[in-house]
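Let me begin by presenting the structure, written as structure tokens, before commenting on it.
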Protein chains: 2
Amino acid sequence: MSSSAREAILAAAKRTAQAHGYGGLNFRDLAAEVGIKAASIHYHFPSKADLGAAVARRYWEDTAAALESMLAENSDPLRCLQRYPDIFRKALESGNRMCLHSFMAAEHDDLPDAVKQEVQTFADVNVAWLSKVLSAAALAGSEQSEGRARAIFAAIAGAQLLARSRSDLALYDALIASYRAAGLLPA
Amino acid sequence: MSSSAREAILAAAKRTAQAHGYGGLNFRDLAAEVGIKAASIHYHFPSKADLGAAVARRYWEDTAAALESMLAENSDPLRCLQRYPDIFRKALESGNRMCLHSFMAAEHDDLPDAVKQEVQTFADVNVAWLSKVLSAAALAGSEQSEGRARAIFAAIAGAQLLARSRSDLALYDALIASYRAAGLLPA
DNA sequence: ACCTGAACACCGTTCAAGT
DNA sequence: ACCTGAACACCGTTCAAGT
């Protein structure tokens, strides 16, 4: 496969960025992981900005696909809403990693414009999906569903962030339970 | 004043860290801002870890003082709860900066232990204050108040993070309004 | 007490050059 | 097409020296 090096770089960069951010991405470590030299990465991604944008784009593409298949597998939109926090939980389960969007949101001031663009699209994809599911579950009118969707997305990102800072999965679960008890998420 | 250089370093480092994180701190830029040379910072802070820990400590000390004075100025605990999100709003107003705790929570894997310690204390201070105020406002039983306090802290951090990623203060306000509408925050 | 110049080891990034 | 060596810029740190 002619694109296997490129794919391997993308996969390794995604994993690293979820733990160390865009700033934590570095060509030498990445290259070592893939089995080539640091300078060779520039053949596939001319600059770090290009790599970052490609990683962020792939990240939201994968998420969009996962969300769509979740919707396809569950006829009940309420069930989808209940499972949504599991996506963010999985990142914590996998080496206390976090959502790439959240990390890059923090790094906003240091991000090339092309990367910022893809980061925004990740949020848009999640909010649009949540909004659609909220409407389908008749949990929010079509005018309010987007606002509620944004609130859910932001709150879950915050829960993941706090849980990560303690390396505490149980804290994440407790926060999601609190959101449900408070009425932000459906029980 | 014998400590003015030290204080100036702390203040500059705090501002930088709120926009670029611990990783974005560097002695040369910091020194230039303060008007001394990079090597001189080591007289006040032997290592970067020492500086980072001192900044994070000062950050939660300042926050603790602000929270206590808010409580002293407002006899009504409910009023305090309503004003709590303003603290996070002010950081966004000030050059789209964010809570140091949130940024360092993201950077968790790359933080020296002494810094992690202070980051945790910031969360503890906020949660303890929120818990106390929730109980005083009779909005949560003493068993549930800590859980609710954590949920509020995490959700507001998430709102700030999302708003920062768009440089959009109105989005922050909308998210807080959504939290109120959903019942997570008192209206 | 407080500060600095100079040097060190290290690392990410770039680019001209290799095959 | 794909990869690399070597140079470059930068950063945290040290230390002998300065005031």
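All of these numbers come straight from a predicted model, not from anything done at the bench. Chain naming here is simple, since letters A, B, ... match the order of the sequence lines and numbering starts at 1 in each.
- If you take NZ of B:Lys37 and C1' of C:dG5, they are 9 Å apart, rounded to a whole angstrom.
- One can place CZ of A:Phe27 at 14 Å from P of D:dC3, the figure rounded to the nearest angstrom.
- Pairing partner, C:dA6: D:dT14, with both Watson-Crick or wobble hydrogen-bond distances short of 3.5 Å.
- Between D:dC2 and A:Ser40, no contact under 4.0 Å exists linking OP1 or OP2 to a side-chain N or O.
- A:Asp110 places its CG atom 15 Å from the C1' atom of C:dG12, with the value rounded to the nearest Å.
- In this structure a side-chain-to-backbone donor-acceptor pair under 3.5 Å is present from A:Tyr172 to A:Pro85.
- At whole-Å resolution of the value, CG in B:Leu51 and C1' in D:dT13 are 14 Å apart.
- Residue B:Phe45 contributes atom CZ, which lies 19 Å from atom P of D:dC11 at whole-angstrom precision.
- In this structure, B:His42 does not reach the C:dT4 phosphate: none of its side-chain N or O atoms is under 4.0 Å from OP1 or OP2.
- Atom NE2 of A:His44 is separated from atom P of D:dC2 by 6 Å (rounded to the nearest Å).
- Closest to the side chain of A:Ser47, from the set C:dC3, D:dT13, C:dT14, is C:dT14.
- Heavy-atom distances to DNA chain C give each of A:Ala39 and A:Asp29 a nearest nucleotide, and the one nearer the 5′ end belongs to A:Asp29.
- Rounding to whole angstrom units, CG of residue B:Leu25 and P of D:dT13 are separated by 12 Å.
- A close approach under 4.0 Å does occur between a side-chain nitrogen or oxygen of A:Lys48 and OP1 or OP2 of C:dT13.
- Aromatic pair A:Tyr59/A:His101: ring centres not closer than 6.0 Å.
- With DNA chain D read from its 5' end, the first of the two nearest nucleotides for B:Arg28 and A:Gly35 is the one closest to A:Gly35.
- If you measure from atom CD1 of B:Ile41 to atom P of C:dT4, you get 10 Å, rounded to the nearest angstrom.
- As judged by a 4.0 angstrom heavy-atom cut-off over every strand, B:Tyr43 is placed among the base-contacting residues.
- Note on ring orientation: taking the six-membered ring where Trp is involved, the planes of A:Phe153 and A:Phe122 are tilted (angle from 30° to 60°).
- The CZ atom of B:Arg97 sits 15.0 Å away from atom NZ of B:Lys90, with the distance rounded to the nearest 0.5 Å.
- Salt-bridge annotation for B:Lys132 and B:Glu68: present, with a side-chain N of the basic residue lying under 4.0 Å from a carboxylate O of the acidic one.
- The partner of D:dT19 is C:dA1, by the rule that a Watson-Crick or G-U pair needs both atom distances under 3.5 Å.
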